[in-house]
Number of protein chains: 2
Amino acid sequence: MDQLGAIAALGALAQETRLALFRLLVARGPEGLPAGMIADELEVAPSSLSFHLQQLVHAGLIAQRRLGRQLIYSAEYRTMSELLAYLTENCCGRGEVRVPFCDPAETLTEEEKNHGCC
Amino acid sequence: MDQLGAIAALGALAQETRLALFRLLVARGPEGLPAGMIADELEVAPSSLSFHLQQLVHAGLIAQRRLGRQLIYSAEYRTMSELLAYLTENCCGRGEVRVPFCDPAETLTEEEKNHGCC
DNA sequence: AGTTAATTTCGATATTCGTTGAAATGTCGA
DNA sequence: TCGACATTTCAACGAATATCGAAATTAACT
């Protein structure tokens, strides 16, 4: 991820509704949620939600797929990982940090598991 | 760090000049840089720089101290660590991630070392 | 005290952001 | 194909953001 991508992702997350929305999708997992359910959960007007969904899609933080007449949104864990990698590499001191991965499917290696970390 | 703090920090970093500014201070280390030098480096008008510095100070990402007639700004590594911790804990999949620390001076506590974390 | 240097604060302006309601799009089932 | 459902797009508006130049603050030097 380059600086422009990082700014886009940071800006997309720097808003109350969108951060809550992204957290909801992260918690939901790869299965995702249809827009209507998200609107109910977050108690935000459909057109307003649609606006925020576009922002997150544009930043690459969520993905959209159609299922019948509803649109399902799900977290793009990979992008979040890349954002964290960018921040740890560019905005942290002295490079003495580890880069976390976010994709639940992207399971830890055996070595990492044995490391017993966090 | 709570949700409000995270949004403030994310918003502060989600801007070209400010992200460059923060990266500059992170690279500079705890010593920091006076406003004038930052303005020269980033090629931004003094009054405009001052605006961005305030945003970062308000978000707790940088600190200000006076040295004679100049104001020195330096990165607050602790806040950045907390932001990364928030993102890994709340915006990553399944909680199977490790939290990095950012402060070059901030060595792990004995408890954390024994925990074998990061 | 008066002068200069470093920086911020203020006022004005153009741009972007977030919200809302109404209209449009796409999809399913009868 | 018609009607209902899920969602987006559009147009409009107020609020927040980013920028600049000019004036004000703070501190050092003489």
Side-chain angles (χ1 to χ4, degrees), chain A residues 3-25 28 31-76, chain B residues 3-25 28 31-76:
Chain A
Q3 173 151 328
L4 240 55
I7 289 173
L10 289 166
L13 294 174
Q15 206 274 341
E16 197 171 342
T17 301
R18 286 196 297 267
L19 185 53
L21 164 45
F22 184 69
R23 289 181 60 183
L24 180 64
L25 290 182
R28 178 66 174 181
E31 184 183 351
L33 277 177
M37 276 190 198
I38 300 173
D40 291 347
E41 182 73 27
L42 301 183
E43 294 180 2
V44 60
S47 72
S48 190
L49 176 69
S50 192
F51 168 76
H52 292 300
L53 286 168
Q54 292 322 307
Q55 305 270 322
L56 286 166
V57 167
H58 189 256
L61 282 164
I62 66 176
Q64 179 195 62
R65 70 179 191 273
R66 184 173 279 280
L67 188 70
R69 68 179 87 180
Q70 52 196 1
L71 290 172
I72 313 281
Y73 290 90
S74 55
E76 285 277 21
Chain B
Q3 173 151 329
L4 241 54
I7 289 172
L10 290 166
L13 293 174
Q15 205 274 342
E16 197 172 340
T17 301
R18 287 196 297 268
L19 184 54
L21 165 45
F22 184 68
R23 289 181 60 183
L24 180 63
L25 292 182
R28 177 67 175 181
E31 182 183 352
L33 277 176
M37 278 192 198
I38 301 173
D40 290 348
E41 183 73 28
L42 301 183
E43 293 180 2
V44 59
S47 72
S48 192
L49 175 69
S50 192
F51 169 75
H52 291 300
L53 286 168
Q54 292 321 308
Q55 305 270 323
L56 286 166
V57 167
H58 190 256
L61 282 165
I62 65 175
Q64 179 195 63
R65 69 177 193 275
R66 183 174 279 280
L67 187 71
R69 69 179 88 181
Q70 50 194 1
L71 290 171
I72 312 281
Y73 290 90
S74 56
E76 285 277 20

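Here is how names work: the chains are called A, B, and so on, in the same order as the sequence lines, proteins then strands, and each is numbered from 1.
Regarding A/Q55, its CD atom lies at a distance of 14 Å from the C1' atom of D/dT8, rounded to whole Å. Residue A/H58 contributes atom NE2, which lies 16 Å from atom P of D/dT8 at whole-angstrom precision. In this entry the distance linking CD1 of B/I7 with C1' of C/dG18 reads 14 Å, nearest Å. Rounded to a whole Å, the CD atom of A/E43 is 14 Å from the P atom of C/dT19. Straight-line distance from the CG atom of B/L42 to the P atom of D/dC20: 13 Å, rounded to whole Å.
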The contact string for nucleotides 4-15 of chain C, one letter per nucleotide 5' to 3', using protein heavy atoms under 4.0 Å with B, S and - for base, sugar-phosphate only and none, comes out as BBSSBB------
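B/P34 is listed as a side-chain neighbour of B/I72, based on a closest heavy-atom distance under 4.5 Å.
One distance of note links CG of B/L19 with CG of A/L4; it measures 10.0 Å at 0.5 Å rounding. Within the model, atoms CG of A/L25 and CD of A/E31 stand 11.0 Å from one another, a figure rounded to the nearest 0.5 Å. Atom CZ of B/R69 and atom CG of B/L71 lie 12.5 Å apart (nearest 0.5 Å).
Listed by residue number, the members of residues 11-25 of chain B with any heavy atom below 4.0 angstrom from DNA chain D are B/Q15, B/R18.
Within the structure, the side-chain hydrogen bond (donor to acceptor under 3.5 Å, both in side chains) test picks out no pair touching residues 4-17 of chain A (sequence neighbours left out).
An OP1 or OP2 oxygen of C/dT27 is reached within less than 4.0 angstrom by a side-chain nitrogen or oxygen of A/R66. Under 4.0 angstrom from either OP1 or OP2 of C/dT19 there lies at least one side-chain N or O belonging to A/H52.
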What side-chain donor-acceptor pairs closer than 3.5 Å can you find for residues 38-64 of chain A, not counting sequence neighbours?
| residue | atom | partner | partner atom | Å |
| --- | --- | --- | --- | --- |
| A/H52 | ND1 | A/R18 | NH1 | 3.1 |
| A/Q64 | NE2 | A/Y73 | OH | 2.7 |

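Not counting sequence neighbours, the partners of B/R23 by the side chain to side chain donor-acceptor pair (under 3.5 Å) test are A/Q3, A/Y86, A/N90. With sequence neighbours left out, B/L10 forms a side-chain contact (heavy atoms from CB on, under 4.5 Å) with A/L10, A/L13, A/A14, B/L83, B/L87.
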